Every structure is written in C-alpha cells, then in structure tokens.
K.L.:
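A single structure is presented below for examination.
Quick caveat, the model's predicted, so the values are computed rather than measured.
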Amino acid sequence: MSTLIDRTAETDAPILDILAERWSTRIFDRDAVIDEAALASALEAARWTPTAANTQAWRVIVARRGSQSHAKVLASLAGFNSAWAGDAAALVVFIAETERDGKPMRWAEYDAGQVAAHFTVQAHAAGLSTHQMGGFDHAAIAAGFGLAEGFVPVTVMAVGELGDIRTASDELQARENAPRVRRPVAESVLVND
C-alpha cells in the first residue's frame, strides 16, 4: 500500500460534505507547524458551541509540538497512540469543569464533547486533520498541568496537516486504508415513533 484511498463516508442519507469527508487520521506531517489561523478558527468554533445554560463548563490545553506542554501530553498517551500522535503539530486536551461553586455540573462532559466536535469540524473545514483519543492517563494530565479539582480531562486530540501515507509503517497504512464502518441508524435509535 502506498496511496490513501478515498475516505469519504458512504452514508444512507445525505449529510453535509464536511461531515462525510471528515475522518480521523493517524498520519500527520511531522515537519509541518500548526496553521495558526486554522487553529484560531477551530478554537473560535469551540467557543461558540452551545452549552447547558451557557455555563461553558469546558477548557482546553493547546500543546504545540516542541513545547514542554506537548511533551507532557505525549507522555500521557497510552500504547499505540504514543507511537503516532507525536507527529501532529499540536495536541489539544479537552477538559470538562464537572464542579462549580461546590455544585456538580452534570452536563459538563457532554458539553466538552460538543466542543471537541465543533472544533473538529471547523479544523477540517480549514484544512487541518484531527484524531481524538480516549487512551491517555487522565491523572497525569491533571497533575502535569495543575488542574483544579473538578477539571477533568475528557479527550486528547491530535491536530495538524495530513502526512504522506507512503512514509508510514505498514500497520499505520493498513489502519488508514481500513473501511470506514458505522452501525446503521436503526440500531442507534431506540424509539422512533
């Protein structure tokens, strides 16, 4: 394998092109710096994400490759994630503020997920590639960045320019070219009266 196949999702109903074309690469250009304008737009999209009662119970850590922050986030990644994610120009940690003024913010993780989704779509629209990861040491992120109690890392996202698949290992090439699969909508909708 030396070329990337078309990654556009085959959908059962029409969706926006930007959503059908978005996919999570593991191959980033290790020499490209982050496009600061595209990153700023993705962060702005995140800022305008709807949140419960406009509480905005989320934060992010933006760690550019080469920084101490990037090294901390990279060191927290589990297993296979640590093998490829370091090539991304930035690692972004999405954090939920699960408690405020001694009261639980039960919707914070949901809102942080929406923030990550809005960031992802805007990043893709601006030409960046992304890949979210749940495999990381949450406690290491919290300790490494001195997060206050109630600030919970939810996901880490690799962000940068798409790399050349020909430079990737056979394992990464196989994963990149594996079919995109989702269960049918009917299996996800519990009630549809």
K.L.:
Does Thr8 reach the side chain of Asp17, with side-chain heavy atoms less than 4.5 Å apart?
P.N.:
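Answer no - side chains too far apart.
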K.L.:
For the residue pair Arg180 and Arg7, establish whether any side-chain heavy-atom pair is separated by less than 4.5 Å.
P.N.:
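Side chain of Arg180 against side chain of Arg7, heavy atoms only: contact under 4.5 Å found.
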K.L.:
Is there side-chain contact between His118 and Pro50, with at least one heavy-atom pair below 4.5 Å?
P.N.:
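His118 vs Pro50: side chains touch.
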K.L.:
Within the distance-only criterion (no hydrogens, no angle test), does the side chain of Asn81 pair as donor or acceptor with the backbone N or O of Gly135 below 3.5 angstrom?
P.N.:
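Looks like yes, one N/O pair under 3.5 Å.
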K.L.:
Within the 3.5 Å criterion, strictly below it, is a donor on Thr25 or Glu176 matched to an acceptor on the partner's side chain?
P.N.:
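Checked: Thr25/Glu176 side chains pair up, N/O donor to acceptor below 3.5 Å.
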K.L.:
On a heavy-atom basis, which atom in Val33 and which in Ala89 lie closest, and how many Å separate them?
P.N.:
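Closest pair (atom of Val33, atom of Ala89, distance): C-CB, 3.9 Å.
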K.L.:
Quick one, Val62 and Leu39 - any side-chain contact, counting heavy atoms below 4.5 Å?
P.N.:
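The answer is yes; the side chains approach within 4.5 Å.
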K.L.:
Within the side chain of Ser41, is there an N or O that forms a donor-acceptor pair under 3.5 Å with the backbone of Ala37?
P.N.:
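Flag set: sc Ser41 to bb Ala37 pair under 3.5 Å.
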K.L.:
Side chains of Ser24 and Gln132, heavy atoms from C-beta outward: is any pair under 4.5 Å?
P.N.:
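Counting from C-beta outward, Ser24 and Gln132 never come under 4.5 Å.
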K.L.:
May I ask you to decide if Ile165's main-chain N or O and Gln173's side chain share a donor-acceptor pair within less than 3.5 Å?
P.N.:
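Flag set: sc Gln173 to bb Ile165 pair under 3.5 Å.
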K.L.:
Are Ile95 and Val60 connected in the hydrophobic side-chain network, where two residues link if heavy atoms are under 4.5 Å apart?
P.N.:
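No; Val60 is not reachable from Ile95 via cluster members.
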K.L.:
Below 4.0 angstrom, N of the basic side chain to O of the carboxylate: do Arg64 and Glu36 qualify?
P.N.:
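A salt bridge is present here (some side-chain N lies under 4.0 Å from a carboxylate O).
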K.L.:
So, using salt bridge (Lys or Arg N to Asp or Glu O under 4.0 Å) as the criterion, who are the partners of Glu97 when residues are at least two apart?
P.N.:
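Here the qualifying residues are Arg59, Arg100.
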K.L.:
Looking at every heavy atom in both Asp164 and Ile27, which two are closest together, and how far apart are they?
P.N.:
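That would be O-CG2, 3.9 Å.
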K.L.:
For Phe119 together with Phe94, are the ring centres under 6.0 Å from each other?
P.N.:
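Centroid separation for Phe94 and Phe119: below 6.0 Å.
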K.L.:
May I ask you to decide if Ala140's main-chain N or O and Ser76's side chain share a donor-acceptor pair within less than 3.5 Å?
P.N.:
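A pair under 3.5 Å: no.
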K.L.:
Before we go on, tell me: are the rings of His131 and Trp84 under 6.0 Å apart, centre to centre?
P.N.:
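Yes, the ring of His131 comes within the 6.0 Å limit of the ring of Trp84, centre to centre.
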K.L.:
Going only through I, L, V, M, F, W and Y residues with side-chain contacts under 4.5 Å, is there a path from Leu74 to Val156?
P.N.:
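Yes; tracing contacts between hydrophobic side chains, which count when under 4.5 Å, links both residues.
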K.L.:
Set out, in order, the CA-CA distance, both residues' side-chain angles and the distance that settles side chain to side chain contact (heavy atoms under 4.5 Å, CB included) for Val73 and Phe136, then state yes or no.
P.N.:
CA-CA 9 Å; Val73 176; Phe136 67 97; over 6 Å; no
K.L.:
Could you check whether Arg65 makes a cation-pi contact with Phe28, meaning its NZ or CZ is under 6.0 Å from the centre of the six-membered ring and within 45° of the ring axis?
P.N.:
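The answer is no; the distance or angle limit is not met.
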K.L.:
Would a distance-only check, ignoring hydrogens and angles, find a side-chain to backbone donor-acceptor pair under 3.5 Å from Thr120 to Ala116?
P.N.:
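A pair under 3.5 Å: yes.
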K.L.:
Does the side chain of Thr55 come under 3.5 Å of the side chain of Trp107 through a donor N or O and an acceptor N or O?
P.N.:
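There is such a pair between these side chains.
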K.L.:
Could you tell me if the side chain of Val92 sits less than 4.5 Å from the side chain of Ile61, heavy atoms only?
P.N.:
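When only atoms from C-beta onward are counted, Val92 and Ile61 do not touch, as no gap falls below 4.5 Å.
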K.L.:
Would you call Lys103-Glu99 a salt bridge at under 4.0 Å N-O?
P.N.:
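Not counted as a salt bridge, because no side-chain N and carboxylate O are separated by less than 4.0 Å.
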